[in-house]
Amino acid sequence: MRSAVQIASDVRSGATTAEAEMASSLEAIRARNDELNVFLFVDEEGAINVARRVDERVARGENAGQLAGVPIALKDNLCQVGVPTTAGSRILQGWLPPYNATVIERVLAAGAVPMGKTNMDEFAMGSSTESSAYGPTRNPLDPSRVPGGSSGGSASAVAADMTPMSLGSDTGGSIRQPAAFCGLVGVKPTYGLVSRYGLIAFASSLDQIGPFAKNATDAALLLEVIAGHDPMDSTSLPEPAPSLVSHVNDGVAGRRIGVVRELYEGADDEVVAEVERAAAALRDAGATIVELSVPEFRLGLSAYYLIAPAEASSNLARYDGVRYGLRVDAEDVAAMNEATRTAGFGAEVKRRIMLGTYALSAGYYDAYYGQALKVRTQMIDAFRRAYQEADLLLGATAPSVAFTLGAKSSDPLAMYLSDVFTIPTNLAGDAALSVPFGTGDTGLPVGVQLVGPGRSEAQLFAAARVLELADGRS
Ligand code: GLN
């Protein structure tokens, strides 16, 4: 499939039309969606209308936008007017959002063509897309394996060449880990860079929306389009979107890159080997490699599994059978709430609500939630010290390549460990991305992770581009 940059340029020049690009995306979706379960809803009618409007803009000689005619897939926790949005949960089955997420407004304004909503772990809680109420998504590169999660549908859409780009959300790794499993670039932007308005909340202090694409340039382009201040999100950074595409070829000469032991130790040998090879490639491109140890990163997973469930237990209180989606009738209101939530939420979501409610309850708050917040502060300090030694950090994205369906679904702790390398960045609010680098023993892609301080996206994309070139990608 052509890159998003190429498609947009061909649509603007009239070499192709948005409608033709939309039609070929639709054909690719139809060819494999039954097998892979990537899209929960394909918005054929909406896509045709948007594509025709883009073509009319081109015909009138107007600027059709940075993403003119580029088909895009949207994770099903992004609200889109009149389009079924479930967050992978039965409790939201049939719900039609009355407004668009800011990111959707922005991709539409840039001329992109939303093709539909992609499968995900229920309320983004998971690392394999197996906790979706609508069945698992399969990895297009090997359908016996998971695509990762929670944004597994959005990753699979791009890996299966259904759309050249997609949007996901990352609370503890849900963009970077599926990007690694599907051989894509996936970005967790600096907290506040991208508006969360219209993103169905999981853990609000950690959630960020970000792009998936086949290469660093396309990912940078999509992030440029969705980033920048939004008055509708009180945590949105007060500045316009940074220029990213113009820095993709900046290289890494003179940059100090810290290889952080805690960001790859315990990973499978085939993953560690690629991290080491990536460090060598960055050194060859002129970076200085420093070996670092940041022991605080080991505390990330435990702190995350108190903070994220605590926030989730509060965010998910709104699904009460009154305001959204499912209602299971019962004799009084309390019984109706209980019956609705019992029927509407899956096992993982219930586990998180119970964990979070417990961690926040009187008598346990200081010992659990309060303690986790202290660890979070330590984590932020640890990153700050690391950034005195290095401009960017390098590690693995996930401990393994894509695992087989069912391998971890009955063992929550094994599943949680999938995100051990990605979670520290969410806790600190920093920027990070995963870029494919080499393959493991079975030929499946390995993702390496680049991490940087807040607002370091331009440097991260430049380093990712160096690795792409070293790995023989164009
Ligand atoms: N896998 C992690 C979790 O289950 C992270 C999910 C995410 O980033 N949305 O919480």
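Whatever order the structure lists ligands and atoms in, that order sets their numbers, starting from 1.
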Sub-6.0 Å ring centroid separation between [X] and [Y]:
{"X": "F421", "Y": "F297", "value": "no"}
{"X": "Y369", "Y": "Y364", "value": "no"}
{"X": "Y416", "Y": "Y305", "value": "yes"}
{"X": "Y319", "Y": "Y324", "value": "yes"}

Ligand 1 contact on [X] by region, counting heavy-atom pairs under 4.0 Å:
{"X": "T171", "answer": "both"}
{"X": "E122", "answer": "neither"}
{"X": "Y305", "answer": "side chain"}

Does a side-chain N-to-carboxylate-O contact under 4.0 Å join K117 and D43?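 No salt bridge links K117 with D43.
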When you check the gap from the basic side-chain N to the acidic O, do R277 and D471 get nearer than 4.0 Å?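 Yes.
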May I ask whether G173 has any heavy atom positioned less than 4.0 angstrom from an atom of ligand 1?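 Contact present.
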Shortest protein contact, [atom] (heavy atom only):
{"atom": "atom 4 (O) of ligand 1", "result": "R352 NH2, 2.7 Å"}
{"atom": "atom 6 (C) of ligand 1", "result": "S174 OG, 2.8 Å"}
{"atom": "atom 2 (C) of ligand 1", "result": "D419 OD2, 3.0 Å"}

When you compare the side chain of L108 with that of I104, does any pair of heavy atoms fall below 4.5 Å?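 A side-chain contact exists here, since the closest heavy-atom pair is under 4.5 Å.
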Go through ligand 1 atom by atom and flag the ones less than 4.0 Å from a non-hydrogen atom of [X].
{"X": "M125", "value": "4 (O)"}
{"X": "A124", "value": "6 (C), 7 (C), 9 (N)"}
{"X": "Y304", "value": "2 (C), 3 (C), 5 (C), 6 (C), 10 (O)"}
{"X": "S150", "value": "9 (N)"}
{"X": "F202", "value": "9 (N), 10 (O)"}

Do S132 and D121 meet the criterion of a side-chain donor-acceptor pair at a distance under 3.5 Å?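 The answer is no; no qualifying pair exists.
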May I ask you to check if ligand 1 and S169 share an N or O to N or O distance below 3.5 Å?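 Not met; the criterion fails.
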Here's one to test your reading of the geometry: is the NZ or CZ of K408 within 45 degrees of the ring axis of F403 and under 6.0 Å from its centre?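 Ring-cation test returns yes.
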